[in-house]
Amino acid sequence: MKNNLQIISSLLDLQEGYVKENNTAVNVLRESQNRVLSMAMVHEMLYQSEDLSNINCTDYINNLAFNLFDAYNVKNNITLLQDNDDIYLNIETSIP
């Protein structure tokens with residue numbers, strides 16, 4: 001599954017080269033690519049989890065935030081401050 005999502009992400013990246021003059025199209029492709037990458041992160045987290053009944057999503061939230069900062073080139077302008085406990089979700093909640 002992760003490989004399929006990576007292929008979709010790469011295809012969206014390639015498609016961006018064809019519409020680089022159209023800012024709206026570029027933004028739509030980047031948003032789609034970010035969504036695909038976030039799904040790939042969830043699947044990676046599931047594969048690494050020892051217990052699928054309770055998945056700790058705190059690492060996923062951290063990775064997602066830093067990947068979004070990187071995608072939008074704001075990692076030097078924004079500092080992520082977190083004050084949370086571990087967040088556990090079951091597989092039925094995590095996948096969607």
### Query
Would you say Phe69 and Asn76 make side-chain contact, with heavy atoms under 4.5 Å?
no

#### Entry: Same apolar cluster: Val19 and Leu12, side chain cutoff 4.5 Å
yes

### Task
Drop me the distance from Met39's CE to Glu44's CD, to the nearest 0.5 angstrom.
14.5 Å

#### Entry: Exam field: side chain Ser9 to backbone Leu5, donor-acceptor pair closer than 3.5 Å
no

### Query
Of Asn67, Leu64, Asn63, Leu68, which is the lone residue that meets side chain to side chain contact (heavy atoms under 4.5 Å, CB included) with Ser38?
Leu64

### Donor-acceptor under 3.5 Å (Asp70 side chain, Phe66 main chain)
no

### Query
Is it the case that one hydrophobic cluster holds both Val26 and Val28, taking links as side-chain heavy atoms less than 4.5 Å apart, direct or via other members?
no

### Query
Between Thr93 (side chain) and Leu89 (backbone), is there a donor-acceptor pair under 3.5 Å?
no

### Task
May I ask you to decide if Ile87's main-chain N or O and Thr58's side chain share a donor-acceptor pair within less than 3.5 Å?
yes

### Task
First locate atom CG of Leu29, then atom CG of Leu14, and finally report the distance between them rounded to the nearest 0.5 Å.
10.5 Å

### Summary
Here the side-chain hydrogen bond (donor to acceptor under 3.5 Å, both in side chains) pairs for residues 11-21, sequence neighbours left out, are Glu16-Arg30

